[in-house]
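A short write-up of the structure that comes next.
Throughout, a chain's letter reflects where its sequence line sits, starting with A, and its residues are numbered from 1.
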Amino acid sequence: MRTDHCGTLRASDIGRRVSVCGWVARRREHGEHLAFIDLRDHTGLIQCVVDGAHDLRSEYVVRITGEVRSRPEGTRNDNLATGEVELGECEVEILNSAEPPPFQLDERVEVDEMVRLAHRYVDLRTDRMQRNLRVRAKVNGSLRRAMDDQGFVEIETPMLIASTPEGARDFVVPSRLSPGSFYALPQSPQLFKQLCMVGGIDRYYQIARCLRDEDLRADRQFEFMQLDAEASFVSQEEVLSFISVAVAAAVREVTGEELGDVPRMTWHEARERFGSDKPDTRFGMELIELTPVFAATEFNAFKASCIKGLRVEGGAEFTRSRLDDLTDRAKRWGAKGLVWMRVRADGELDSPVAKFLSADEIAGLVVTTGAVEGDLLLIVADERPAVCHVLGLLRLELGRPPVTEGGLQFLWVVDFPLFEALDDDNNPIPAHHPFTMPHADDVHLLDSADPQDFLKVRSQAYDLVLNGWELGSGSVRIHRGDIQKRMFSLLGITDDEAQEKFGFLLDAFRFGAPPHAGFAFGIDRLVALLAGEENIREVIAFPKTQSGHDPLTHAPSTIDPAQLEELGLRLLPVRKD
RNA sequence: GGUCCCGUGGUGCAGUUUGGAGUGCACGCCGGCCUGUCAAGCCGGAGGUCGCGGGUUCAAAUCCCGUCGGGACCGCCA
């Protein structure tokens with residue numbers, strides 16, 4: 001039907017008679033016998049000069065055949081890639097009419113997302129969605145090529161699997177042939193890729209759909225795509241290298257830029273400096289250690305095991321209500337309180353608590369934070385994890401740049417702790433999954449009589465972070481039965497429970513499991529940041545709203561009683577608490 | 001489970017603080033004029049359950065309560 005795409009015509013095409021197909025983006029009529037039609041396809045716009053356009057309307061689907069010619073002097077449009085030329089002597093064939101679109105497709109205004117999603121098929125025609133989905137396709141393609149080139153084998157793992165109650169909530173699917181039994185949709189291909197290692201695949205990857213029934217966010221959907229990979233006979237170093245190569249390929253494909261070496265930071269350093277295990281390193285405003293400054297304080301609120309602060313440049317201008325608001329937020333995030341101090345011209349501190357501090361403490365505070373006139377100091381005192389957490393959130397609140405600023409700051413966070421805390425029975429709670437290999441230097445601590453020692457055990461687990469978003473994580477896995485048994489016993493999982501939950505994996509490991517390690521990262525998140533979007537819905541063709549609904553298809557929906565009957569299901573009344 | 005923000009012709013907003021007739025702006029839509037525009041221009045027109053329900057009041061888009069929908073975040077996401 002067509003010889004060319006709209007957005008590709010240039011001066012070098014002048015004289016050719018071409019056919020283009022697309023949608024009527026705009027119509028400019030100048031009387032009965034002259035009108036300009038901007039025709040749009042996924043490549044862009046071309047102006048077509050037609051003899052009368054009264055029967056053409058917005059978004060009509062047309063085929064236009066005409067001669068590419070130079071625009072008359074003085075009528076070129078520098079804002080258009082095709083602005084030097086136009087189609088003349090046009091023959092217009094209407095392929096389909098269209099109702100006026102439910103919203104305007106030019107991007108002069110931000111249209112309500114519900115309206116866009118309810119008519120996503122129209123929304124997809126916008127430059128923004130066309131660009132984002134094509135960025136996504138480029139990323140997928142370059143990741144595939146990079147993994148292929150590194151000797152990884154693409155293997156598809158099942159979508160209908162057994163439910164394992166660990167981790168995120170499963171989506172479940174009732175079984176028709178086994179009424180009362182359910183499949184689960186995979187949260188990740190984790191166990192299958194480890195089985196692939198036992199199966200001698202050596203290097204596996206998959207662009208895998210993963211599903212988790214947890215609350216949605218700007219960076220979280222029920223279903224999302226991961227580059228999932230696992231390799232045998234490799235160390236952590238090699239995994240970081242494989243993934244770095246793949247990510248670099250995607251970045252190169254989209255931006256044309258070379259990524260270079262991805263910096264590393266230990267989990268401990270990330271928490272202490274940024275109050276997060278996924279630090280946004282596009283900006284400073286790091287957490288400042290103040291515990292020694294107030295080691296001997298008489299101020300009760302500062303008699304805590306950890307005191308840290310933030311220096312907000314220019315923050316002395318914050319109004320009292322803004323400071324009260326920050327204090328409220330800090331409390332909601334789990335702080336006992338938030339101490340603020342405005343640094344005045346004379347070096348004095350303007351703060352409700354200044355009178356409780358000694359001259360030495362104030363002097364130490366100013367020196368340690370480097371505070372100068374006009375700054376604001378925000379200080380939290382509490383247990384160390386809480387202090388870091390709250391200040392980390394405040395730091396983001398006050399300093400985080402827009403998504404399109406600050407470049408792409410990738411970061412490997414390494415040496416995660418094996419356990420994040422102890423439960424009420426002093427059993428450690430795993431920070432990752434229970435198959436994560438402890439750091440070789442820390443294995444001896446697993447035999448310690450003091451449960452507190454468990455929290456010091458580092459694991460061979462690592463995260464890839466981009467601009468403060470966790471892109472993904474991975475680990476070296478436990479491949480030996482004796483270490484795995486020790487781990488289960490530490491976690492308070494009995495042999496019977498372990499067998500019931502992970503029996504097929506443990507069985508497999510008895511038949512010759514190679515040392516292996518892997519990684520998985522979220523493609524939606526990577527694409528969103530590469531596309532300059534704050535929200536992964538903008539890079540997903542048909543996403544769901546925060547409540548998990550699809551305004552286009554109206555999923556989730558009720559099903560026919562006959563379907564329930566066939567599945568052996570009966571519904572309970574909806575609970576309204 | 002929680003905190004906060006938003007909801008006004010098809011779209012995007014203003015109006016809400018301080019109650020007074022569905023008032024205004026821009027875009028779009030429909031009709032007319034217009035032979036070089038390109039966010040075309042000019043003239044005319046249509047289009048509204050101010051999310052929904054209740055309350056206060058002589059009077060509610062506006063104040064109060066509830067509810068629904070959307071968004072951001074905390075919890076959650078091994």
| query | CD of Glu32(A): more than 12 outside heavy atoms within 6.0 angstrom? | reply | no
| query | The side chain of Gln546(A) lies closest to which of these nucleotides: A78(B), A72(B), U11(B)? | reply | A72(B)
| Are Phe171(A) and Phe222(A) close enough that their ring centres sit under 6.0 Å apart? | yes
| query | Roughly how far apart, to the nearest Å, are A72(B) and C29(B) at atom P? | reply | 31 Å
| Does the side chain of Arg40(A) come within less than 4.5 Å of Leu105(A)'s, by heavy atoms? | yes
| said: Could you check whether Tyr204(A) and Phe192(A) have their ring centres less than 6.0 Å apart? | reply: no
| query | Is there a donor-acceptor contact under 3.5 Å linking the side chains of Asp228(A) and Gln190(A)? | reply | no
| field | Heavy-atom check, side chain of Glu420(A) versus side chain of Pro430(A), under 4.5 Å | value | no
Check nucleotides 29-31 of chain B against the protein and report each pair of N or O atoms closer than 3.5 Å, with its distance, or say if there are none.
{"unit_1": "C30(B)", "atom_1": "OP1", "unit_2": "Arg57(A)", "atom_2": "NE", "d": "2.7"}
{"unit_1": "G31(B)", "atom_1": "OP2", "unit_2": "Arg57(A)", "atom_2": "NH2", "d": "3.0"}

| request: Could you tell me whether the side chain of Asp112(A) has a donor or acceptor atom within less than 3.5 Å of a complementary atom in the base of G12(B)? | output: no
| query | Judged by atom type as modelled, is there a donor-acceptor pair below 3.5 Å linking the side chain of Glu29(A) to the main-chain atoms of Gly52(A)? | reply | no
| With a 4.0 Å cut-off on heavy atoms, is Ser547(A) in touch with a base, just the backbone sugar-phosphate, or nothing at all? | sugar-phosphate
| note | Taken to the nearest whole Å, CD/Glu59(A) to P/U11(B) is 16 Å
| task | Using the P atoms only, state how far C68(B) lies from C27(B), rounded to an integer number of Å. | result | 39 Å
| Expressed in whole Å, how much space separates the C1' atoms belonging to G1(B) and U62(B)? | 33 Å
| query | Mind checking the P distance from A59(B) to G22(B)? Whole angstroms is fine. | reply | 13 Å
| message | Is there, by distance only and without an angle test, a donor paired with an acceptor across the side chain of Arg217(A) and the base of G71(B) below 3.5 Å? | response | no
| field | Side chain Gln104(A) and base G10(B) donor-acceptor under 3.5 Å | value | yes
| said: Any side-chain N or O of Thr545(A) below 4.0 angstrom from OP1/OP2 of G69(B)? | reply: no
| request: Would you mind pulling out the nucleotide paired to G36(B), Watson-Crick or G-U wobble, both distances under 3.5 Å? | output: none
| With rounding to whole Å, what would you report as the distance between C25(B) and G44(B) at their P atoms? | 13 Å
| What interatomic distance, in whole Å, is found between P of G45(B) and the corresponding atom of C63(B)? | 34 Å
| task | Record whether the side chain of Arg220(A) comes under 3.5 Å of the base of C77(B) through a donor-acceptor pair of N or O atoms. | result | yes
| Nucleotide-resolved protein contact map, nucleotides 32-38 of chain B, B/S/- at heavy-atom distance under 4.0 Å | --BBBBB
| task | May I ask you to check whether Trp267(A) and Phe274(A) place their ring centers less than 6.0 Å from one another? | result | no
| Spacing between Arg116(A) atom CZ and G10(B) atom P, to the nearest angstrom | 20 Å
| Is there a Watson-Crick or G-U wobble partner for G69(B) with both distances under 3.5 Å, and which nucleotide is it? | C6(B)
| said: Are Phe36(A) and His30(A) an aromatic pair, judged by ring center distance below 6.0 Å? | reply: yes
| task | Would you kindly compare Pro430(A) and Asp215(A) by the position of their nearest RNA chain B nucleotide and give the one closer to the 5′ end? | result | Asp215(A)
| Who does C29(B) pair with, Watson-Crick or G-U, both distances under 3.5 Å? | G45(B)
| Touch check for Ala35(A), heavy atoms < 4.0 angstrom, all strands: base, sugar-phosphate only, or nothing? | nothing
| query | Between His5(A) and His42(A), is the gap from one ring center to the other below 6.0 Å? | reply | yes
| query | Which one is paired to C50(B), where only Watson-Crick or G-U wobble pairs with both distances under 3.5 angstrom count? | reply | none
| field | Sugar-phosphate only, base, or nothing, as touched by His389(A) at under 4.0 Å among non-hydrogen atoms | value | sugar-phosphate
| query | What integer distance in Å separates Arg322(A):CZ from C4(B):C1'? | reply | 14 Å
| Span that lies between the C1' atom of C6(B) and that of G15(B), in whole angstrom | 16 Å
| field | Separation of G70(B) P from Phe103(A) CZ (nearest whole Å) | value | 17 Å
| Is Asp213(A) touching bases, backbone alone, or none of the nucleic acid, heavy atoms closer than 4.0 Å? | nothing
| message | Quick check: on RNA chain B, is the nucleotide nearest Pro102(A) upstream (toward 5') of the one nearest Phe435(A), or the reverse? Name the residue that is more 5'. | response | Pro102(A)
| query | Between Arg332(A) (CZ) and A72(B) (P), how many Å, whole number? | reply | 17 Å
| field | Side chains of Ile536(A) and Trp469(A) in contact at under 4.5 Å (non-hydrogen atoms) | value | yes
| Of all the choices, G70(B), U11(B), A72(B), which nucleotide is nearest to the side chain of Arg537(A) once you look at every atom? | A72(B)
| Would you call Glu84(A)-Arg69(A) a salt bridge at under 4.0 Å N-O? | no
| request: Examine the base of C76(B) for any acceptor or donor lying under 3.5 Å from a partner atom in the side chain of Arg212(A), and report the outcome as yes or no. | output: no
| message | Taking the P atom in each of G31(B) and C73(B), what is the distance between them to the nearest angstrom? | response | 45 Å
| request: Give, for atom CG of Asp123(A) and atom CD of Glu113(A), the distance between the pair rounded to the nearest 0.5 Å. | output: 8.5 Å
| query | According to the Watson-Crick and G-U wobble definitions, with both distances under 3.5 Å, which nucleotide is paired to C77(B)? | reply | none
| message | Near RNA chain B, counting only heavy atoms under 4.0 Å, which residues of residues 458-474 of chain A show up? | response | none
| field | Watson-Crick or G-U wobble mate for G24(B), both contacts under 3.5 Å | value | C13(B)
| task | Go through Trp412(A) and Phe519(A) one step at a time and tell me if the ring-ring contact (aromatic ring centres under 6.0 Å, His included) criterion holds. | result | CA-CA 12 Å; Trp412(A) 284 111; Phe519(A) 199 79; 5.3 Å; yes
| Please give, in whole Å, the distance from G28(B) P to Glu99(A) CD? | 19 Å
| note | Whole-Å distance, Glu110(A) CD to C6(B) P, equals 17 Å
| Euclidean distance, atom CG of residue Asp219(A) to atom C1' of C76(B) [Å, nearest integer] | 13 Å
| query | Quick check: are there more than 12 heavy atoms from other residues, nucleotides or ligands sitting under 6.0 Å from CD of Glu107(A)? | reply | yes
